[in-house]
Amino acid sequence: MILIGSNAQGLAMYTILITGANRGLGLGFVRHYAEQGMTIIATCREPDKATELQALAEQFSHIAIEALDICDYAAVIRLSEKYADYCIDILINNAGILVSVNTAYDAETWLKSLETNAVAPMILTQAFLPQVKRSAIHKVVFISSSYGSIELATAEGSIYYRSAKAALNMAVRRFALDYTYLEITAVCLCPGWVRTDMGGVNAELSVDDSIAAMVTTIAGLESEHHGQFLNQYGDFVPW
Ligand SMILES: NC(=O)c1ccc[n+]([C@@H]2O[C@H](COP(=O)([O-])OP(=O)(O)OC[C@H]3O[C@@H](n4cnc5c(N)ncnc54)[C@H](OP(=O)(O)O)[C@@H]3O)[C@@H](O)[C@H]2O)c1
C-alpha cells in the first residue's frame, strides 16, 4: 500500500510513524491513533514478543508493525527506503531508556543512554525527513522529559537520563532552526510522570490520560511551538 499526499482532507488519511510502539506510551499512541482511523507504522525491537501491539494490528488493518532497534542505523535507513514513497504526517520519536547509576559512573551505560535518547531519534528523523517534508502536516515529535530541563534539575539522581534528554532538547532546538514551521514542525514533548514500566506504579498519570493530553497538544501545534519544549498539556517547559 503506497500512501502519498495525505493532507488536511481528513484525519483518517494521516500516516504516523511511532518508535518503541510495543509498550508504555508508544503502545498508547498506537491505540489512540488506530482508533482514530489513522495509518500507523509501529516500530519495535521484537515484534514477535509484542503481543499487545500484534493484537491491535489484528483489530485495525491499518497498523504495520516493523522491527526496528533505533540504534541500528543501517536498519533505520532500510526502513526509510522501504517507505520511501510514503508521506509521513506525524513522526513520534518515543523510544527511550532510563538507566540508573549504581556506585560509579559507567561510560558504556552513559553512552547508551545518550545514544538511545538523543542521537538515535535525530538520525531516524534525518532518515525520514523526505517522507515528513512531503506532508502538509509535517510534525516531528520528540518525546523528552522535564528531567532534561537544566533549570528544573534541582533533585538528585538520573544523571544518565537527565543529560541524555537535555542533549535531545538541544539537538531538537538546533534542528528546528533549519526549518520554518511551514516546512517541518518539531517539538520536544514531556508526557508527564506516567504509569509505565519506566514511570513506575506510583506515577501521577495513566497512559490514557497522558496520551489524551499529548495528542491534543500535537493536534494544536502552532508556529509559536516550533522548536520549543512543551509538557503534555502544551505549556512551555523551561529549558
Ligand atoms: N513514563 C514516564 O513517566 C516518562 C516521563 C518522561 C518521559 N518519558 C519518555 O517517554 C518515552 C516512552 O517512555 P515509557 O514510559 O513508555 O517507557 P517504557 O515503558 O520503558 O517503554 C520504552 C519503549 O522504548 C523502547 N526502546 C528502548 N530502547 C529502544 C531501542 N534502542 N530501539 C527501539 N525501541 C527502544 C522500548 O522497547 P523494548 O520493549 O524493546 O525495550 C519500549 O517500547 C521515553 O522516551 C521516555 O523517556 C516517560
Side-chain angles (χ1 to χ4, degrees), residues 17-32 40-54 56 65-76 78-79 91-100 108-109 111-125 127-128 140-149 152-153 155 157-169 171-172 187-211 213-215 217-218 229-233 235 237:
L17 191 154
I18 302 166
T19 64
N22 56 308
R23 60 188 170 100
L25 290 163
L27 184 68
F29 275 122
V30 175
R31 182 174 288 112
H32 171 85
I40 297 164
I41 304 165
T43 76
C44 63
R45 284 195 277 205
E46 297 181 288
D48 291 349
K49 295 181 183 170
T51 50
E52 287 182 85
L53 181 58
Q54 285 176 19
L56 277 179
I65 302 177
E66 297 287 355
L68 184 69
D69 181 328
I70 60 167
C71 299
D72 180 344
Y73 305 115
V76 169
R78 282 196 300 275
L79 190 65
L91 167 55
I92 302 181
N93 285 290
N94 165 78
I97 53 168
L98 192 167
V99 279
S100 303
E108 194 178 335
T109 310
L111 286 168
K112 194 66 195 172
S113 178
L114 288 164
E115 180 180 28
T116 308
N117 290 307
V119 178
M122 302 310 300
I123 298 291
L124 186 141
T125 298
F128 282 93
V140 186
V141 176
F142 296 86
I143 301 299
S144 184
S145 170
S146 58
Y147 269 32
S149 166
L152 299 178
S158 306
I159 189 168
Y160 300 155
Y161 184 71
R162 285 177 182 276
S163 58
K165 290 296 191 183
L168 172 68
N169 288 352
V172 174
V187 291
C188 299
L189 184 58
C190 175
W193 186 24
V194 190
R195 292 189 291 277
T196 62
D197 293 339
M198 184 184 293
V201 293
N202 295 321
E204 290 167 352
L205 297 172
S206 68
V207 168
D208 285 351
D209 287 344
S210 173
I211 293 294
M214 286 196 287
V215 297
T217 293
I218 293 167
F229 184 13
L230 309 173
N231 68 14
Q232 68 271 32
Y233 305 113
D235 303 320
V237 181

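Both backbone and side-chain heavy atoms feed into the values below; hydrogens, waters and symmetry mates do not. Indexing begins at 1, ligand by ligand and atom by atom, following the structure's order.
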Based purely on interatomic distance, does [X] place a nitrogen or oxygen under 3.5 Å from a nitrogen or oxygen of ligand 1?
X: Leu25; value: yes
X: Gly24; value: no
X: Gly26; value: no
X: Arg45; value: yes
X: Cys190; value: no
X: Asn117; value: no
X: Ser145; value: no

May I ask you to list the atoms of ligand 1 that are less than 4.0 angstrom from any heavy atom of [X]?
X: Asp197; answer: 19 (O)
X: Gly192; answer: 2 (C), 3 (O), 4 (C), 5 (C), 6 (C)
X: Ile97; answer: 27 (C), 28 (N)
X: Trp193; answer: 3 (O)
X: Ala95; answer: 24 (O), 25 (C), 26 (N), 34 (N), 35 (C), 45 (O)
X: Gly20; answer: 25 (C), 43 (O)
X: Asn22; answer: 37 (O), 38 (P), 39 (O), 42 (C), 43 (O)

Gap between atom [atom2] of [Y] and atom [atom1] of [X] - 0.5 Å precision:
X: Phe229; Y: Asn169; atom1: CZ; atom2: CG; answer: 4.5 Å
X: Leu91; Y: Leu124; atom1: CG; atom2: CG; answer: 6.0 Å
X: Thr51; Y: Arg23; atom1: OG1; atom2: CZ; answer: 12.0 Å
X: Met214; Y: Leu205; atom1: CE; atom2: CG; answer: 9.0 Å
X: Tyr147; Y: Leu152; atom1: OH; atom2: CG; answer: 11.0 Å
X: Asn117; Y: Leu98; atom1: CG; atom2: CG; answer: 8.0 Å

Give me the nearest non-hydrogen protein atom to [atom] as residue plus atom name, then the distance to 0.1 Å.
atom: atom 19 (O) of ligand 1; answer: Arg23 NH1, 3.4 Å
atom: atom 12 (C) of ligand 1; answer: Asn94 OD1, 3.2 Å
atom: atom 3 (O) of ligand 1; answer: Val194 N, 2.8 Å
atom: atom 9 (C) of ligand 1; answer: Ile143 CG2, 3.6 Å
atom: atom 17 (O) of ligand 1; answer: Met198 CB, 3.4 Å
atom: atom 22 (C) of ligand 1; answer: Gly96 O, 3.7 Å
atom: atom 14 (P) of ligand 1; answer: Thr196 OG1, 3.6 Å

With a 4.0 Å heavy-atom cut-off (strictly under), which part of [X] contacts ligand 1: side chain, backbone, both or neither?
X: Thr116; result: side chain
X: Tyr161; result: side chain
X: Asp69; result: both
X: Leu68; result: backbone

Quick one: do Ile40 and Ile18 satisfy side-chain contact (heavy atoms from CB on, under 4.5 Å)? Show the steps, please. CA-CA 7 Å; Ile40 297 164; Ile18 302 166; 4.0 Å; yes

Any donor and acceptor pair, going by atom type alone, linking the side chain of [X] with main-chain N or O of [Y] inside 3.5 Å?
X: Ser210; Y: Pro191; value: yes
X: Arg195; Y: Ala203; value: yes
X: Ser144; Y: Cys188; value: no
X: Gln54; Y: Pro47; value: yes
X: Lys165; Y: Leu114; value: no
X: Trp193; Y: Gly199; value: yes
X: Ser163; Y: Tyr160; value: yes
X: Thr196; Y: Leu25; value: no

Please find the pair of heavy atoms, one from Leu68 and one from Val76, that lie closest to each other, and give the distance. CD1-N, 3.8 Å

Heavy-atom proximity to atom 32 (N) of ligand 1, picking from Asn231, Ile70, Leu98, points to Ile70

Among Ala75, Ser146, Ser144, closest by any non-hydrogen atom to atom 7 (C) of ligand 1: Ser144

Side-chain donor-acceptor pair present, Asn93, Thr19, cut-off under 3.5 Å: no

Of all the heavy atoms in [X], does at least one lie under 4.0 Å from an atom in ligand 1?
X: Pro191; result: yes
X: Arg195; result: no
X: Ala120; result: no
X: Glu46; result: no
X: Gly200; result: no

Would you sort out whether Glu52 and Asn22 count as a side-chain contact (heavy atoms from CB on, under 4.5 Å), showing the intermediate values? CA-CA 7 Å; Glu52 287 182 85; Asn22 56 308; over 6 Å; no

